[in-house]
Amino acid sequence: TLRSGGRGTTPALLDRKKSKSFNGRSNVVVESYSSSLILESPGSIAAGRRELLALQQAQRKMRVAHYGRCKSAKFDARVVPLDSPPPTGTGIMEEDRRCSFITSNSDPLYIAYHDQEWGVPAHDDRVLFELLVLSGAQVGSDWTSILRIRQDFRNAFSGFEAGIVATFTDKQITWISSKYGMDITRIRGVVDNSLRILEIKREFGSFDKYIWGFVNYKPIFTRYKWGHKIPVKTSKSESISKDMVRRGFRSVGPTVVHSFMQAAGLTNDHLITCHRHLQCMALTEQTTA
């Protein structure tokens, strides 16, 4: 780029202006540079900006492009040098480290479920029975809505004690439907499944041994980075579903079974960017040690 001046045509690579500032003691010459310097001379960005920030800090009215890791292009009193280390984990919001389907708008109950239960290996028969029922109930609904009435499910089905649920009479089923507003067909399905669980206990010793046998008694650890990559069903959930249907279970399609596997920790589908991914792996190592 060329510029015409009083003495002829000279290169205009640098447009420099000088001004004087008085602080009562001495005169300070402040040199400001046009934006063309930043654009055309990238090698001097660091040195130029350090000089500008040091000399004009008292004025706080300058406009500069962002320096280092400032929040925005607007001047921010907080300046992070280029050679400073990256922010540590303490500066990262906890929600940023959770699975992507957990947001700042998520219900606290759902967040607590994600942080404390989802993906944690469950081996208690009553807990497994409960998670199987809840996984089926959230079809056509969502986990947040089901978690809000979780205690109703526990009260209605006697803490998911299969031996007690299996003895429910038609009168009790009708009463539960009336009291808790549950679909009577769903209630009958839970009662039927309790009978199937009792049969499995006689054959395998526990529902835990039966269901965990499909994964060789070790959780499946996936490594998904994005939430939309997590499938709604897998070949494993399809094989488990097929066997459960053969045994007479109800409401155990591949999608429901996969949701149950996630809830009961048979598969760890926490995203690899989620803090719970490694924590659930550590829990598995502790239980198998």
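Note that the structure is a prediction, hence the values are computed from the model and not measured. Numbers here simply count residues along the sequence, with the first being 1.
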Under 4.5 Å between side-chain heavy atoms, counting indirect links through other Ile/Leu/Val/Met/Phe/Trp/Tyr residues: same cluster for V127 and V257 or not? yes
Can you list everything that forms a side-chain hydrogen bond (donor to acceptor under 3.5 Å, both in side chains) with D124? Sequence neighbours excluded, please. none
Judged by atom type as modelled, is there a donor-acceptor pair below 3.5 Å linking the side chain of S206 to the main-chain atoms of K201? no
How would you list, by chain and number, every residue that makes a salt bridge (charged side-chain N to carboxylate O under 4.0 Å, His left out) with R188, sequence neighbours excluded? D170
I149: side chain to side chain contact (heavy atoms under 4.5 Å, CB included) partners, not counting sequence neighbours: D152, F153
Check for me, please, whether L198 and F204 land in the same ILVMFWY cluster - side-chain distances under 4.5 Å, paths through other members count. no
CA sep, side-chain torsions, deciding dist, call: W143, S135, side chain to side chain contact (heavy atoms under 4.5 Å, CB included): CA-CA 8 Å; W143 269 109; S135 297; 3.8 Å; yes
Crowded around K209 NZ? As in, over 12 foreign heavy atoms under 6.0 Å? no
With sequence neighbours left out, which residue pairs that include part of residues 230-247 fulfil the side chain to side chain donor-acceptor pair (under 3.5 Å) condition? E203-R247, Y210-D243, D243-R246, D243-R247
Fit a plane to each ring of H277 and F221, take the angle between them on a 0 to 90° scale, and name the class: parallel (under 30°), tilted (30 to 60°) or perpendicular (over 60°). perpendicular
List the steps, then state whether side chain to side chain contact (heavy atoms under 4.5 Å, CB included) holds for L132 with M244. CA-CA 12 Å; L132 180 63; M244 295 183 77; 4.0 Å; yes
SG of C280 to NE2 of H275: how many Å apart, nearest 0.5 Å? 9.0 Å
Step by step, work out the side chain to side chain contact (heavy atoms under 4.5 Å, CB included) result for D125 and I197. CA-CA 9 Å; D125 278 3; I197 289 178; 5.5 Å; no
Intermediate values then yes/no, side chain to side chain contact (heavy atoms under 4.5 Å, CB included), L109 and T144: CA-CA 7 Å; L109 194 63; T144 299; 5.8 Å; no
Only pairs at least two apart or in different chains count here, so list each ring pair (Phe, Tyr, Trp, His ring centres under 6.0 Å) that has a residue in residues 159-182. F129-F160, F157-F160
For the CE atom of M261 and the OG1 atom of T267, what is their distance to the nearest 0.5 Å? 5.5 Å
Give me the other members of the hydrophobic cluster that I230 sits in, counting Ile, Leu, Val, Met, Phe, Trp and Tyr linked by side-chain heavy atoms under 4.5 Å, directly or via other members. Y224, L271
Is the closest side-chain heavy-atom distance between T185 and R250 below 4.5 Å? yes
Pairs in or reaching into residues 239-264: which pass ring pair (Phe, Tyr, Trp, His ring centres under 6.0 Å), with residues at least two apart or in two chains? none
Are H114 and H270 close enough, and set up right, to give a ring pair (Phe, Tyr, Trp, His ring centres under 6.0 Å), and what steps lead you there? CA-CA 9 Å; H114 168 274; H270 283 285; 4.7 Å; yes
Is it the case that atom CZ in R150 sees more than 12 heavy atoms from other parts of the structure closer than 6.0 Å? yes
Supply the members, apart from I272, of the Ile/Leu/Val/Met/Phe/Trp/Tyr cluster built from side-chain contacts under 4.5 Å; use none for a lone residue. none
Which atom pair, heavy atoms only, marks the closest approach of S259 to Q138? OG-NE2, 3.4 Å
Rounded to the nearest 0.5 Å, what separates atom OG1 in T273 from atom CZ in R223? 10.5 Å
Using a 4.5 Å cut-off between side-chain heavy atoms of Ile, Leu, Val, Met, Phe, Trp and Tyr, which other residues end up in the same hydrophobic cluster as V139? V256
Out of curiosity, F207 CZ to N193 CG, how far, rounded to the nearest 0.5 Å? 8.5 Å
When you compare the side chain of L131 with that of Q262, does any pair of heavy atoms fall below 4.5 Å? no
Side chain of S177, backbone of D183: donor and acceptor closer than 3.5 Å? no
Could you tell me which non-hydrogen atom of G265 sits nearest to which non-hydrogen atom of P219, and how far apart they are? O-CB, 3.3 Å
Going by chain and number, the hydrophobic cluster around L195 (ILVMFWY, side chain to side chain under 4.5 Å) further includes none
Please step through ring pair (Phe, Tyr, Trp, His ring centres under 6.0 Å) for the pair W118 and F101, ending with a clear verdict. CA-CA 13 Å; W118 198 67; F101 51 82; 5.5 Å; yes
With sequence neighbours left out, the residues meeting salt bridge (charged side-chain N to carboxylate O under 4.0 Å, His left out) with D142 are none
When rounded to the nearest 0.5 Å, the distance separating CD1 of I111 from SG of C99 is 12.0 Å
Interatomic distance, I184 atom CD1 to I173 atom CD1 [nearest 0.5 angstrom]: 6.5 Å
Over all heavy atoms of both residues, which pair between R186 and A137 is shortest? Give the atoms and the distance, please. NH1-CA, 3.2 Å
Excluding sequence neighbours, so at least two apart, what forms side-chain hydrogen bond (donor to acceptor under 3.5 Å, both in side chains) with D208? H123, W212
